[in-house]
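Okay, structure first, notes after.
Below, all heavy atoms of this structure are taken into account, side chains as well, without hydrogens, waters or symmetry copies.
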Amino acid sequence: EDGKLEGKFPAIVCAIRDVDGDLVTLHRTYLTPSGKKAPVESSRKMMSIPEGMNVVGCAIQLGIPDGVMGVAEGLETALSAYKATQIPTWSTVSARLMESIEVPEGVHTVLIWADKDKSITGEKSARILKNRLQEMGIKAHILMPLMPRGGSAKSVDWNDVLCRQG
């Protein structure tokens with residue numbers, strides 16, 4: 001963190017690609033040996049973006065869509081949606097980047113696996129994406145977890161639903 005070694009941890013390393021599949025940068029999620037997020041200030045990090053490139057519109061692409069695809073903010077949510085439905089689901093890494101994701105040619109329907117945040121950020125970004133896609137003639141559906149946030153939790157996402165309810 002800030003040039004200081006915080007420790008050595010296993011990590012999930014994912015390619016962030018543009019809509020054509022070209023590599024833009026890498027995203028890392030540092031873990032404990034048991035698979036929990038590493039106990040560091042920032043367990044998620046994006047590599048530097050090469051000069052002249054941009055992550056706007058890009059995603060971690062889990063599967064190749066054939067007409068229908070899912071979009072989720074975080075990697076864990078995208079992995080859970082993909083596992084539960086077998087529908088290719090792309091992670092946009094953040095709510096802000098979700099708003100601008102580009103979908104491949106031939107996609108006619110997008111399932112937006114929105115996070116239920118206390119701040120409502122995930123829901124707002126999902127609505128922005130839905131409206132933009134519909135203006136392009138693409139059907140878009142927002143899927144929000146029905147499970148309550150509970151206690152001091154900042155959010156509930158579809159990974160929480162899969163882990164707790166199957």
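A search for side chain to side chain contact (heavy atoms under 4.5 Å, CB included) contacts involving Lys36 returns Thr32, Ser34, not counting sequence neighbours. The side-chain hydrogen bond (donor to acceptor under 3.5 Å, both in side chains) search around Thr29 returns none, not counting sequence neighbours. Residues forming a side-chain hydrogen bond (donor to acceptor under 3.5 Å, both in side chains) with Tyr82 (at least two apart in sequence, or on another chain): none. By the side-chain hydrogen bond (donor to acceptor under 3.5 Å, both in side chains) test, Thr89 is found to be paired with no residue, residues two or more places apart in sequence or in another chain being considered. Applying the salt bridge (Lys or Arg N to Asp or Glu O under 4.0 Å) rule to Arg28 yields no partners; only residues at least two apart in sequence or on another chain are considered. The salt bridge (Lys or Arg N to Asp or Glu O under 4.0 Å) check on Glu99 picks up nothing, with sequence neighbours excluded. Qualifying salt bridge (Lys or Arg N to Asp or Glu O under 4.0 Å) partners for Arg17, counting only residues two or more places apart in sequence or in other chains: none.
The shortest heavy-atom contact between Ala78 and Ser91 is CB-CB, 3.8 Å. Among all heavy-atom pairs drawn from Gly122 and Ala114, the shortest one is O-CB, 4.3 Å. Annotation for Ala95 and Ser125: closest pair O-OG, 3.1 Å, computed over non-hydrogen atoms. Nearest approach of Glu73 to Ser94, heavy atoms of both residues: CG-C, 3.4 Å. Contact record, Thr85 with Ala81: OG1-O, 2.7 Å, taken as the closest heavy-atom pair.
Judged as a ring-ring contact (aromatic ring centres under 6.0 Å, His included), not a single pair has a partner in residues 24-80 (not counting sequence neighbours). Annotation: salt bridge (Lys or Arg N to Asp or Glu O under 4.0 Å) contacts involving residues 41-60, sequence neighbours excluded, comprise Glu1-Lys45, Arg44-Glu76. The salt bridge (Lys or Arg N to Asp or Glu O under 4.0 Å) contacts involving residues 110-129 comprise Glu123-Arg127, where partners must be two or more places apart or lie in separate chains.
The structure places CZ of Arg164 at 4.5 Å from CG of Asp160, a figure rounded to the nearest 0.5 Å. Between the CE atom of Met53 and the SG atom of Cys58 there is a distance of 7.5 Å, given to the nearest 0.5 Å. The CG atom of Leu75 lies 6.5 Å from the CG atom of Leu62; values are rounded to the nearest 0.5 Å.
Counted by atom type alone, Thr77 and Asn159 present zero donor-acceptor pairs between their side chains at under 3.5 Å.
In the hydrophobic cluster analysis, where Ile, Leu, Val, Met, Phe, Trp and Tyr join through side-chain heavy atoms closer than 4.5 angstrom, Val13 is grouped apart from Met46.
Applying the under-4.5 Å side-chain rule to Ile, Leu, Val, Met, Phe, Trp and Tyr, the cluster around Leu133 extends to Met69, Val71, Trp90, Met98, Ile101, Val103, Val107, Val110, Ile112, Leu129, Met136, Ile138, Ile142, Met144. Residue Trp113 is found in a hydrophobic cluster whose other members, listed by chain and number, are Val68, Ile87, Leu111, Leu143, Met147, Val156, Trp158, Val161; membership requires side-chain heavy atoms under 4.5 Å apart, directly or through intermediates.
Annotation: side chain of Val55 is not in contact with side chain of Val93 (no heavy-atom distance under 4.5 Å).
The backbone N or O of Leu97 lies less than 3.5 Å from a partner atom in the side chain of Ser100, making a donor-acceptor pair. Without hydrogens or angle criteria, Asp20 side chain to Asp22 main chain gives no donor-acceptor distance under 3.5 Å.
Within 6.0 Å of the CG atom in Asn131, the count of heavy atoms belonging to other residues, nucleotides or ligands exceeds 12. Around atom CZ of Arg96, no more than 12 heavy atoms belonging to other residues, nucleotides or ligands sit under 6.0 Å away.
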